[in-house]
Amino acid sequence: MLALVSLTLLLFPLYTFAKDSAWNGHLTPGSNTPSRFTPYYVPDGSTAYDSLSPAVDRAGDWYVARSSEYINGSTLATTSRNASLLFSFKGTGVEIYGGVGKRYGSMDIYLDREFVGAYSVRDSKDRQQQLLFFSYDLASTPHQLSLVNKGSNSGSLLDIDAFVGVPGDPAPAAANRWSLVQRGSTGVAAMQLAIISSSLAIIIDKVEHNPLAIDGHPAWGALYYIDTHAVQPLNLRSNSFCAGGTFLSNGTLVNVGGNPVVGNNTAAADFGDLDGLQAVRLFHPCDSESAAGCDMYENHARIRLASPRWYNTVLRLPDGSAMIMGGSKKGGWINNATVNNPTIEYYPPKDINGSKGLPVQVQFFVDSLNSNLFPIAFVLPDGTIFIAANNLATIYSWQSNTERRLPAIPNGVRVTYPMAGTGLLLPLSPANGYEPEILLCGGSSVSDTKPGYEISANDPASAQCARMVLTDAGIAAGWQTEQMPAPRIMPDAILLPTGEVLIVNGGRSGIAGYGNVRDQVGQSNAANPVFQPVLYDPSAPSGSRFSSEGLPTSDIPRLYHSVATLTPRGDIMIAGSNPNLDRSEQAYGTEYRVEWLQPPYLNAERPVIQSIPNMIKLGETVKMTVHLPANANVDTLKVSCMDLGFVTHAVHANSRLVYLVAKMLDGQTLEVTGPPNANVYPPGPAWIYLVVDGIPSIGTKVMIGDGQGPVVDTEALNYMLEHTQVDQYDKTKKGGESDEE
Ligand SMILES: [Cu+2]
């Protein structure tokens, strides 16, 4: 592996000159010329303090070094042991930027006089404007940060270039009100998001010049600690632009597909990425609080797709495996017949309908051209798959490779990329025999055969939501439509444990993507961001389901490559937005700030799950110990078994809420029965929320099923490996193989 990386470093300057220059850095405010990449970054609302500013007091022997390499042309440096700086600021977060390199040592950091830790600034390469330290979880009060040079003879240099102060939260929310808190920074643009444990979310981006770095190159994946807002870069190998993902039945996260290698000739180092088009990236369950040892695993020689896929959707099946559907054979924008990948394949590969582990052709992905990328799909309680793509919908039976085509989505509204809407399977309940109902919201009715120059970022998006019950009677009755308060392209719809749906993010006009249409804002194909979320109650009578009352308004545009998910706490994590080829600070810029939308129930007295088995088999009845608020109405009690999904491009893959059959035995013992079968809840990780009087508990992670991984068909796997090529699109770099050039 080391040999490959160093070889690549040597090759890159020659290879990349022909590449798109916009990959060579990031756009700073007021400039259209990509600048030299450095991780130094000051988001809107944050304040930068040069190390020469009066907010910084020096003790010991410091000198001022001047160079255009430094922020504002200067930096404070020392080689003197125990020389220190004291930085005073007010706010909830702080970052330190400076240099790293071979002659550098380490520093001790103290916050409000408490020792935080020792931080190394040594690196095999000299680099400036690096993020040396951050903390994002401080009280909104005045703070003092001090750092002390601890270098020794083998490396005693420390240079501190700038500090960034992150502002305080808005006033704390009153009880019984929604509130929106901005706190934390993702470090890599949050294109893909999934909750992996009670404390961790995983964020996956594409290869680009993110401020968070690893091994001397920008990171494009990270673990985000939802309680402390710390971020830890992940060392992804291949380009995950733009992948889909799912958890398998044993809890392993698979992240699938992507794009070829990205060239780069101005950064401190090569990205070191591999072709991601056939990538299957594995992330094993990470329940450890420190996330120690948790990283992505890739080995394209043994673990890969049979065919290249960009913008594919990935779903967990009732047998615990992943179904990988559709996409394009190479990156681009709107799909077309030349690059379309109108097939389904599986991970691990299956021999199904004579496929011997190879992809299976599905006519729906031909008929749904052009606007059919990132299809919206859900497993239905009879084991079939609902799929929406473009303005079409179908029920696909994967065991028999047959389809039951559904009525087209009304009024010509297209719901998948780049006319991206969003979709959900509404809560499944034993009360009606788990009758499935699909909700599709937003999108666009712009023609998908028009060239980009005939489409405008100001073309109105669709406000339509369409619902259909997927029973014979429901299908005969067809789609029922209603209108959101605002049109939305690229909305995110999030199931809450209460059964309500929260709709956030997106724009009022344009379509998804960047750099393709008229009237772009910066590079964005969409404009007029919608800043206020809306709550949708699926069980309310038609006409009174939408409510924006009391829902706070953001000032952060969340357009293309934005995400949102429910957290175990029950609030909604909102992140991302990057309608740009590479990191840009021009509107609509690359957005790293995180917002937390807090429902009123966060401030209420909440029920508590005191104990629950960590594994619940299908149909198994187990006992939970619970604590209910005083005067709780036990008749309103519900147990919500939820898959929080894998979120990317407004697709919330596997998002699911199944109400479990539950009975209070006494004041604190609750008898609860696991989902009745693998179709109602495909086995795998789940979050259990206890809901009483409309107030959910904090969610507890359990494994539904037996925790075993999907069956591996060795014959199908070997047949696939023998009959397909590694990374067939990109001839320059192949995962697990040596360089060809
Ligand atoms: Cu994308």
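Given the structure is predicted, the values throughout are model-derived calculations rather than measurements. Residues: numbered from 1 along the sequence shown. Note that ligands are numbered from 1 as they come in the structure, with each ligand's atoms numbered from 1 the same way.
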Next item on the list: Run through the protein N/O/S atoms less than 2.8 Å from the Cu ion (ligand 1) and write them out by chain and number.
Entry: C242 SG, Y311 OH, H561 NE2, H649 NE2

Margin query: Donor-acceptor pair, distance only, cut-off 3.5 Å: does the side chain of W310 make one with the backbone of L277?
Written below: no

Note to self: Please determine whether salt bridge (charged side-chain N to carboxylate O under 4.0 Å, His left out) holds for the pair R518 and E454, giving the CA-CA distance in whole Å, both sets of side-chain angles, and the decisive distance to 0.1 Å.
What the structure shows: CA-CA 7 Å; R518 286 189 289 116; E454 288 181 20; over 6 Å; no

Check: Would a distance-only check, ignoring hydrogens and angles, find a side-chain to backbone donor-acceptor pair under 3.5 Å from S371 to T416?
Finding: yes

Notebook entry, point to check: So which heavy atom on I489 is nearest to which on M419, and how close?
Noted result: CD1-C, 3.6 Å

Item checked: From N372, N390, L392, V362, residue fulfilling side chain to side chain contact (heavy atoms under 4.5 Å, CB included) relative to D367 -> L392

Next item on the list: Kindly indicate whether the side chain of Y396, heavy atoms from C-beta on, has any atom under 4.5 Å from the side chain of M325.
Entry: no

